[in-house]
Amino acid sequence: MKRHLQLTIKQLSASYADGSISPRLVVDHALDDAVKLKHLNAFIRISPENSLHQGKESEHRYENKNQLSVLDGVPIAIKDNFCTKNLTTTCASGMLSNFVPPYNATVCERLAASGTVLVGKTNMDQFAMGSGTVDSIFGPTKNIWSNDLSDNKWHIAGGSSGGSATAVAAGICYAAIGSDTGGSTRNPASYCGVVGLKPTYGLVSRHGLIPLVNSMDVPGVFTRNVSDCVDILNAIAGPDAKDSTTIRRPFKKIDIPFFEDFDLRNVRVGIPKEYHCEGLTKEVLETWMKVADLLEDNGAHVEQVSLPNTAASIFVYSILNQCEVASNMARYDGIEYGHRAGNESSTEELYANTRAEGFNTVVKTRILTGNYFLLRKNYQKYFEKALRVRRLIADDFKRVFETPKNNEKIVDVLLTPTTLSDAPLYSDFISQSNRDQCAVQDFCTQPANMAGIPAISIPIRLSKRGLPIGLQLMSRSLNEEMLLRVAGWIEAQVEFDCLENEQIYAARS
Amino acid sequence: MYRKLLFSKSSCRRLSTQYQVAKAQLQDWKSVVGLEVHAQLLTKSKLFSGSSNVFGAPLNTAVSYFDASLPGTLPVLNRKCVEIGIKTAAALGCRINEVSMFDRKHYFYADLPVGYQITQQRAALANDGELKFPVIVPGKKTYYKKARLLQLQLEQDSGKSLHDEELKRSLVDLNRAGAPLIELVFAPDLETGEEASSLVKELILILKSLHACSCKMEEGALRVDANISIHKCGEPFGVRTEVKNIGSVRSISQAITYEIQRQFDVVSKGGTITNETRSWDATTRCTIPMRDKEVLQDYRFMPEPNLPPLRLNLSSSADSSTSSDIISVASITKDIPELPEDTRSNLVKTYQLNQDVAVILVNEPVLLEYFLNVIEHIPSIPAKLVTNFLINDLLTFCNKANIDVESCQLTYTHLEDILTALNAGTINLQACRQLIEILHQDPTQNVQTLIRDRNMEQITEDETIEQLCRQAIERQEQAVKQYKSGKKKALFAIVGEVSKLSKQKANMKMVVAYLEKMLKS
């Protein structure tokens, strides 16, 4: 076990500064671990030369005491749907298997400017369409908490950002960037036992994030603790002239010194009854109730609230998702970049063959369905209606957070499950279709995307099967600080050790 | 919207002289014409990207990552385009919308790399405007017509495709992809080709005065599509056709006149009009059907999720001091210059010009500039003398030479000198016309020198005039006889004879007076 892995980013960077740990060494370890844990398939591509170079540069900066930020020299990973200049960015698809972006996503740019060291690009479901990281042309990512990685006995990492979650859970990186459209950051965070934050829509720039659903996509943050999550968020958040949907107001960096000292007596926690849904496992329910009790016992006002439109959310999410997918995928025609089919007998043939070869069934199904919903004769019946229901879902949240009806009280945060169970076995997971899986997997997570509010998943405990169980906190827009404070407080109480699993020991012994 | 269409190979069927025959029966029928105009905005950069928006840049050099549809890139609205849109909308009397939105319009085409065009379908920048314009039909009295402007929207242009039939190859130039356009959708309030071309002429004057668009149709900076149908009086509108690829203002009138006649021809032979897109062929001067690949296309419109709604400040105070991102409409509309119709009424009021003269001057900005300068610099020359010269002589010369007034080589100094000489009676109109021709060929020449060296001075001595008249009377016996028998028009022949005898130098006013006097006795 490498001792520095237990450090927070702040502690690591303090150690860099006082010379007790070398950034180059940490980068070396990260690259070694990435190779040793290759069988987990967390990475689509690692960039060793690049990382070593960046590690060296970082070391020089510390030597000269001009480090760029608290993140200087911190190894990170980025999901393969963020454009990285001169580094292939595939979206785990055949379509973009040869796509080398000439520019950096804003998130990548800001992380680089903070001095982070990019270890590599992580695995995902093709174009982020999935909740298991099983639909990648590079094969599935395996959950590091699996007792047995052989044959079909391993568990999924969750998705679609399963590679990023795994890179952090396995101790390869201190942080990773994912994307979250309906839960793609929180779901794998929950299954892999790490912290996963989906910030408020518009707080973090989407420029350079290859879109799934533009109106819901948010760059997400994976870390092993809440403090690290704050540090990463502080580096990437804030307005961006290249993304017109970013919130114009300047971002005030979040500063939370000691989570343990947080006084819960002024915190109102809502437990939305609709999240006690069909399919919720006993273990997750128990965990949920236990943490609710924990909060209440320590002075928080905990009460049941209602978000009546929750059940409709997943259907509406699915319609809007497919419509935007149909539109966003139209650019992949093989003309300017990406895969191009051999048949050039006519433009139409070229398009048809390129798209037939470059997309998997999941992507094709969503394109076809989305285009069906957008047909002139169907637009009102599906798309427009979905938008109206989306408004109702957002209003539900608004009511509990801001404008209560009757005698209801408003709450600061909502506590819910992230997923209905611990990580499923791969063999069980693929026995259902991508569509059916998404409907179950995203049930608790996608409402936050529909409303644009911030949400975080934090690991709480292990299930009987030895797999992590996480819980989700949600708050009103731009209330990340409260969200992270409560998350930090819970984290301090439950003392979950992200690195305490057999695979890590096996790899490092 | 601006779609790409392919030509069918079918040859053009000319409908020629039977028009004359058919025209008589056309009286029971009414034609209806509506226009859709796309104007490329004169901005430094494109509608949603920072790449340059110039005509004629080397192929694929004005293309940003966004224009090439690289994944992950996002549109950022160019404020300048919105401002020009607002200015144009205000000049056309539109209701400018406080909130407008952008939509995606989907179709596949190689020069549309992203697979959809960003346009404004549901909530446009402006609606419900009106354009009032003079219609000039040669040989008829100028009249005014109104057309309602239904919608004014901002949208992206597409790139350009080049098809090499022999090599079976297509090439794409993305310089134009994402260039800013405004689309103006006019109601079908027009009846003829002349009305349509007059509307476009007026629109061009307005867009130019606002510096909104270069309006160079030959560069595609202004594109006009016409929807045309015919119906029997009192019956509902007929099936319409759309005519595209109209490359000049003159073609607008020709194409629509042709298409109306073609439709009438089809109907009068018992045929039916099909809803189709036709292309104007300027060489054969007829419209030919296009194979419209998008006829059955469903554009699957969807709100553009990457652009927040465009909000404008409609309050009347032109408060541009606020640092807010919201554009104040009042602060933009206060800078709208004098529009052509105002210029016309000012001309009529200030200089007592007649309406038709004002219309012509405003239509030819160079002539208008000449006029205003001459009046200012040499107030002693009567306005009417100036306009007569500009329109009857200078413009006529340009029309005959088939050149724009802009390309006539005559300089303003030449013009002043000619008019001064004309006003002083040093030269007559014939000499003026000769001078225009000479100076257009060689603009380095000097007017005074030319008049002197080439003996162009007008003959005003009584004896000479009298002598010339006498000669002419002798030569034109026939005309003299006719005149004396009461046919007053015959005088022109004798006047013409004098002109010829004097090598076009005699003072015509004096000649007429002398002849009338001499022939009375």
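Letters A, B, ... mirror the listed sequences (proteins, then strands); counts begin at 1. Note that the structure is a prediction, hence the values are computed from the model and not measured.
Looking only at distances, no side-chain donor or acceptor of A:Thr245 sits under 3.5 Å from a matching main-chain atom of A:Gly202. Not a single donor-acceptor pair under 3.5 Å links the side chain of A:Asp80 to the backbone N or O of A:Ala92.
Chosen from B:Pro71, B:Pro305, B:Gly115, B:Pro303, the residue pairing most often with chain A at heavy-atom distances under 4.5 Å is B:Pro71. Of the listed residues (A:Tyr103, A:Tyr379, A:Phe383, A:Phe373), the one with the most heavy-atom contacts under 4.5 Å to chain B is A:Tyr103. The choice from A:Arg355, A:Met329, A:Lys377, A:Glu384 that makes the most heavy-atom pairs within less than 4.5 Å of chain B is A:Arg355. Interface remark: of the candidates B:Ser170, B:Pro308, B:Ala110, B:Ser69, B:Ser69 forms the most heavy-atom pairs closer than 4.5 Å to chain A. The candidate with the highest count of non-hydrogen atom pairs below 4.5 Å against chain B, out of A:Leu209, A:Asn81, A:Leu387, A:Ile335, is A:Leu209.
Closest approach of B:His106 and A:Ser327 over heavy atoms only: NE2-OG, 2.7 Å. Heavy atoms only, all atoms of each residue included: B:Ala330 and B:Ser315 are closest at CB-O, 3.7 Å.
Interface remark: A:Asn371 contributes backbone and side-chain atoms alike to the contact with chain B (heavy atom separation under 4.5 Å). Both the backbone and the side chain of A:Pro102 come within less than 4.5 Å of a heavy atom of chain B. Contact annotation for A:Ala326: neither backbone nor side-chain heavy atoms come within less than 4.5 Å of a heavy atom of chain B. Within the 4.5 angstrom heavy-atom criterion, atoms from both the backbone and the side chain of A:Asn328 approach chain B. In this structure, chain B has a heavy atom under 4.5 Å from the side chain of A:Phe99, while its backbone stays farther away. In this structure, no portion of B:Phe66 lies under 4.5 Å from any heavy atom of chain A. Contacts between A:Arg248 and chain B at a heavy-atom distance below 4.5 Å involve the side chain alone, from C-beta outward.
Looking only at atom types and distance, the side chain of A:Asp217 has a donor-acceptor partner in the side chain of A:Thr181 under 3.5 Å away. Side-chain polar atoms of B:Ser52 and B:Lys44 form no donor-acceptor pair below 3.5 angstrom.
Under the 30°/60° scheme for interplanar angles, the aromatic rings of B:Tyr107 and B:Tyr299 are found to stand perpendicular.
Taking the six-membered ring where the residue is Trp, the centroids of B:Tyr116 and B:Phe301 are separated by 6.0 Å or more.
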